[in-house]
Amino acid sequence: LSTTIYPNDTVQAGTIVLDETWTCTVTPDDGISAGLPGQDSSYVGYDCWSLEFENTTYARVPDHVDLGLEGTSYTVEYWFEQTDTSGLVLDKHLHNTNTNSYRFSSTHMGINGGGYAASAIQDVPTTQNQWHHVAMTYDMGLDVFSMYVDGKNQSYSTSANSSSNPFDPAVEYGAVDLYIGASSNSSVRSITGYHFDGNIHSIRLSSVARYNSDFSPGLSFTADGDTIALWTLDEGTGTTIYDTSGNGHDGTIYGGIWVNECPAEADNDFDGYLAFEDCDDDDDNVHENDGSTENCPGESCLDILNRGH
């Protein structure tokens, strides 16, 4: 950066490029004579983290009645990037027992009504080596499950009609710890399909069905009064994942490693603009807020017209 520095001079955020070092040269001047120039350098980058899992590595959150999602509507959602075969992202399943349980993998979502009779199982249409937001909601009043991938509704089902052993929202899920990145059953944890290979960034459990139509997923989650637990997975160091909802559901990492990657640094439409600076990262033809898609609203009607849309 070469510029004349004035008191309170700033650099516009839009001119900063990720992952580069800026060096500023400042020459003090009292209006009569210039002093000796001084230099200082600063590294500029998008600071974000996720947990990388491979083989039998995982994180574990101690069992708690709140994590059982008992007798309530709910939403389970997370960001993940799969780098290998399918595997379990979240697992709270009491193996070989007749209890409610939930299992979320990179290719399927499963809500069990008891034993192995599934009340709701949905395919998760995702692509390897790309970040995806996945959410499953349950509306207790309507008795309806819905699944969203990258904000797009994939399917819905009613629990009463989807299994001979239907899901009972009044029964707590399996009284077992919640596992992230692997199966809760240690005997199958090393088997392909039971462990997750890739990165996970931010997991939120909520006591409400947050989505009832298509939406644009935020690159991170925030906690509110409906949040049961929120693991942002952005600590970047240590062996503890903290529940930032304030409800105390902290977990412990067993072998997972911190990596400086997250959805904001993804470029899912491969147009050269990262997700955090691309107003529509699903469309490689647009990236500016010019009104060309619903995700890219123009500043005004005139703004849209001037761009030919």
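Along the sequence shown, residues carry numbers from 1.
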To the nearest 0.5 angstrom, please state how far the [atom1] atom of [X] sits from the [atom2] atom of [Y].
X: His64; Y: Asp177; atom1: NE2; atom2: CG; value: 12.0 Å
X: Ile253; Y: Arg60; atom1: CD1; atom2: CZ; value: 12.5 Å
X: Glu235; Y: Thr240; atom1: CD; atom2: OG1; value: 8.0 Å
X: Asn199; Y: Leu233; atom1: CG; atom2: CG; value: 10.5 Å
X: Asn212; Y: Asp139; atom1: CG; atom2: CG; value: 8.5 Å
X: Thr227; Y: Leu205; atom1: OG1; atom2: CG; value: 9.5 Å

Which atom pair, heavy atoms only, marks the closest approach of [X] to [Y]?
X: Pro217; Y: Gly151; answer: CG-N, 3.6 Å
X: Asp197; Y: Glu54; answer: OD1-CA, 3.2 Å
X: Tyr138; Y: Asp143; answer: OH-OD1, 2.7 Å
X: Leu51; Y: Ile241; answer: CD1-CG2, 3.8 Å
X: Ala223; Y: Leu230; answer: N-CD2, 3.7 Å
X: Cys262; Y: Trp131; answer: O-NE1, 3.4 Å

Residues Ser207, Asp226; criterion side chain to side chain contact (heavy atoms under 4.5 Å, CB included); working and verdict:
CA-CA 5 Å; Ser207 59; Asp226 296 314; 4.1 Å; yes
Can you tell if the side chain of [X] reaches within under 4.5 Å of the side chain of [Y], non-hydrogen atoms only?
X: Val259; Y: Ser50; value: yes
X: Trp49; Y: Asn260; value: yes
X: Ser146; Y: Asn153; value: yes
X: Trp231; Y: Val61; value: yes
X: Asp63; Y: Lys92; value: yes

Is a side-chain N or O of [X] found less than 3.5 angstrom from the main chain of [Y], in a donor-acceptor match?
X: His195; Y: Asn55; answer: yes
X: Asn247; Y: Ile228; answer: yes
X: Thr75; Y: Arg210; answer: yes

If the plane angle is over 60° it's perpendicular, under 30° parallel, otherwise tilted; pick one for Tyr211 and His133.
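Plane angle over 60°, so perpendicular.
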Can you label the angle between the His132 ring and the Phe80 ring as parallel, tilted or perpendicular, going by 30° and 60°?
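Tilted: the ring planes of His132 and Phe80 meet at 30° to 60°.
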Please report the C-alpha distance between Tyr242 and Asp250 in whole Å, then the side-chain angles of each, then the deciding distance to 0.1 Å, and finally whether the side chain to side chain contact (heavy atoms under 4.5 Å, CB included) criterion is met.
CA-CA 5 Å; Tyr242 293 100; Asp250 298 341; 3.7 Å; yes
Ile180 and side chain to side chain contact (heavy atoms under 4.5 Å, CB included): which partner among Phe53, Tyr58, Tyr254, Tyr78?
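Single pass found, and it is Phe53.
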Cluster overlap Phe196 with Trp258, hydrophobic side-chain contacts below 4.5 Å:
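In one cluster with Phe196: Trp258, yes.
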Linking I/L/V/M/F/W/Y whenever any side-chain heavy atoms sit under 4.5 Å apart, do Met140 and Met136 land together?
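Yes, it is one cluster - the side chains of Met140 and Met136 are joined through contacts under 4.5 Å.
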Show the numbers, then the answer: is there a side chain to side chain contact (heavy atoms under 4.5 Å, CB included) between Asp91 and Leu178?
CA-CA 6 Å; Asp91 192 27; Leu178 173 64; 6.0 Å; no
In sequence, state the C-alpha distance, the side-chain angles, and the governing distance for Leu219 and Trp79, and then conclude on side chain to side chain contact (heavy atoms under 4.5 Å, CB included).
CA-CA 8 Å; Leu219 295 176; Trp79 279 97; 4.3 Å; yes
